[in-house]
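Quick notes on the structure that follows.
In this text, all values refer to a predicted model and were calculated from it rather than measured experimentally.
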Amino acid sequence: MADDLSAVARFLYEAGTLKHTRRTGWWMAGISDPESVAEHSWRTALIASVIAKLEGADPARAAFLAVWHDTQETRTGDVNHLGKKYAASADAVAVTADQTAGMPELLASAIQDLVAEYEGKDSPEAVCARDADKLECMLQGIEYKAQGYASAQRWIDNSRARLTTETGQRLADELLGQGPLDWLRAALGERA
């Protein structure tokens with residue numbers, strides 16, 4: 001490969017900052033050490049693959065979209081919904097273009113197209129990935145509420161209301177009907 005990979009290497013270091021970038025909306029719910037953007041993106045990718053498979057879309061593509069959906073936050077930080085009211089929202093496509101500048105064109109254009117697809121809801125996989133983003137937020141809210149953060153209910157309700165796929169809505173109902181440790185009880189053969 002003759003392409004210079006120095007820009008790719010820089011981006012990989014940059015992407016690592018998402019492991020330390022906190023999801024700021026949770027601070028308003030009183031959570032002092034909320035999940036990171038990287039933690040959120042990982043579970044979002046899993047959920048996207050599940051939703052896509054059940055919706056008849058490409059699960060690998062949906063997961064791929066979900067992995068990249070918040071990578072711009074290395075440059076913008078995680079701006080919560082209240083913050084977006086006061087600060088001009090950064091254009092994810094433009095941020096991605098800056099992030100991929102200098103990368104081999106084959107890679108840069110693939111990443112830019114992926115982010116544009118997600119932002120534009122241009123495919124069934126993008127719709128599934130966007131639903132996964134909302135469902136993951138709802139799921140995290142359920143977990144925080146179970147830890148005693150009653151204010152997380154707002155995030156649960158708002159996320160649930162924004163789901164558009166049938167599978168996302170059905171999964172939301174299932175998650176709301178279970179507790180965060182029901183999986184462990186089932187694995188141990190205990191009764192709920």
Side-chain angles (χ1 to χ4, degrees), residues 15 18-19 21-23 25-26 29 31 34-73 78 80-81 84 89 92-93 96 107 109-147 149 152-192:
L18 293 177
K19 294 193 292 184
T21 303
R22 298 292 163 207
R23 304 238 316 142
W26 293 119
I31 296 142
E35 67 174 335
S36 71
V37 171
E39 291 167 321
H40 163 73
S41 294
W42 174 78
R43 189 159 61 176
T44 298
L46 287 178
I47 295 168
S49 68
V50 168
I51 292 173
K53 185 66 177 179
L54 295 173
E55 288 285 317
D58 180 352
R61 180 79 179 168
F64 195 37
L65 287 159
V67 165
W68 287 90
H69 87 281
D70 279 339
T71 54
Q72 306 77 29
E73 292 181 9
D78 177 58
N80 60 58
H81 289 288
K84 288 177 183 177
S89 180
V93 174
T96 301
L107 179 60
S109 63
I111 295 169
Q112 291 168 15
D113 291 348
L114 195 69
V115 170
E117 179 182 341
Y118 178 86
E119 292 298 323
K121 304 176 212 162
D122 290 339
S123 66
E125 291 78 12
V127 171
C128 292
R130 293 180 75 83
D131 252 21
D133 182 39
K134 307 306 177 264
L135 193 60
E136 199 288 326
C137 185
M138 189 194 93
L139 181 53
Q140 187 63 61
I142 292 168
E143 291 170 339
Y144 284 145
K145 187 174 177 187
Q147 294 171 17
Y149 296 101
Q153 187 64 51
R154 178 181 181 87
W155 283 259
I156 296 167
D157 295 341
N158 288 340
S159 297
R160 173 64 179 92
R162 295 170 68 196
L163 296 169
T164 61
T165 64
E166 180 185 348
T167 301
Q169 293 170 5
R170 288 180 57 211
L171 273 172
D173 291 342
E174 287 294 331
L175 290 166
L176 289 166
Q178 295 183 23
L181 290 181
D182 285 354
W183 71 270
L184 180 59
R185 290 182 191 93
L188 294 173
E190 297 174 358
R191 294 176 193 232

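Counting all heavy atoms, side chain and backbone alike, Ala116 lies closest to Asp122 at O-OD2, 3.8 Å. Summarising the geometry of Ala129 relative to Ala66, their closest heavy-atom pair is CB-N, 4.1 Å, with the distance given to 0.1 Å. Closest non-hydrogen pair, Gln178 versus Asp182, comes out as CA-OD2, 3.4 Å. The nearest pair of heavy atoms linking Pro59 to Ala52 is CA-CB, 3.7 Å. Taking all atoms of both residues into account, the shortest heavy-atom contact from Ala57 to Cys128 is CB-SG, 4.3 Å. Nearest heavy-atom pair across Ser49 and Ala63 is CB-CB, 4.1 Å.
Atom-to-atom distance recorded for Trp68:CH2 and Glu117:CD is 14.0 Å, nearest 0.5 angstrom. Here Thr164 contributes atom OG1 and Glu55 contributes atom CD; the two are 8.0 Å apart, rounded to the nearest 0.5 Å. Interatomic distance, CD1 of Ile111 versus OG1 of Thr71, reported as 8.0 Å (0.5 Å rounding). Here the CZ-CG distance, from Arg170 to Leu175, works out to 12.5 Å after rounding to the nearest 0.5 Å. In this structure, the separation between OG on Ser41 and NZ on Lys19 is 13.0 Å, given to the nearest 0.5 Å. Separation of atoms CD1 (Ile51) and NZ (Lys53) is listed at 14.5 Å; rounding is to 0.5 Å.
Remark: the backbone N or O of Leu163 is paired with a side-chain donor or acceptor of Gln169 at under 3.5 angstrom. Arg23 places no side-chain N or O within donor-acceptor distance of the main-chain N or O of Glu35, the cut-off being under 3.5 Å. Put simply, the side chain of Asp131 gets close to the backbone of Thr165: a donor and an acceptor are under 3.5 Å apart.
Applying the side chain to side chain donor-acceptor pair (under 3.5 Å) rule to Glu39 yields the partners Ser36; only residues at least two apart in sequence or on another chain are considered. Residues passing the salt bridge (charged side-chain N to carboxylate O under 4.0 Å, His left out) test with Asp157: none are found, sequence neighbours excluded. The side chain to side chain donor-acceptor pair (under 3.5 Å) test applied to Ser159 returns no partner, not counting sequence neighbours. Partners of His69 according to the ring pair (Phe, Tyr, Trp, His ring centres under 6.0 Å) rule, which considers only residues two or more places apart in sequence or in another chain, are His40, Tyr118. For Trp155, the ring pair (Phe, Tyr, Trp, His ring centres under 6.0 Å) partners are Trp26, not counting sequence neighbours. Shown here are the side chain to side chain donor-acceptor pair (under 3.5 Å) partners of Asp58, two or more places apart in sequence or in another chain: there are none.
A 6.0 Å sphere centred on CD of Gln147 holds more than 12 heavy atoms belonging to other residues, nucleotides or ligands.
Taking the side chain as every heavy atom from C-beta outward, Gln72 and Thr96 approach each other to under 4.5 Å. Side-chain contact between Met138 and Lys134 is absent, with no heavy-atom pair separated by less than 4.5 Å. The shortest distance between side-chain heavy atoms of Asp70 and Leu18 does not fall below 4.5 Å. Side-chain contact check for Arg130 versus Glu119: some heavy-atom pair is nearer than 4.5 Å. Contact of the Arg61 side chain with the Leu114 side chain is registered, since non-hydrogen atoms from C-beta on lie closer than 4.5 Å.
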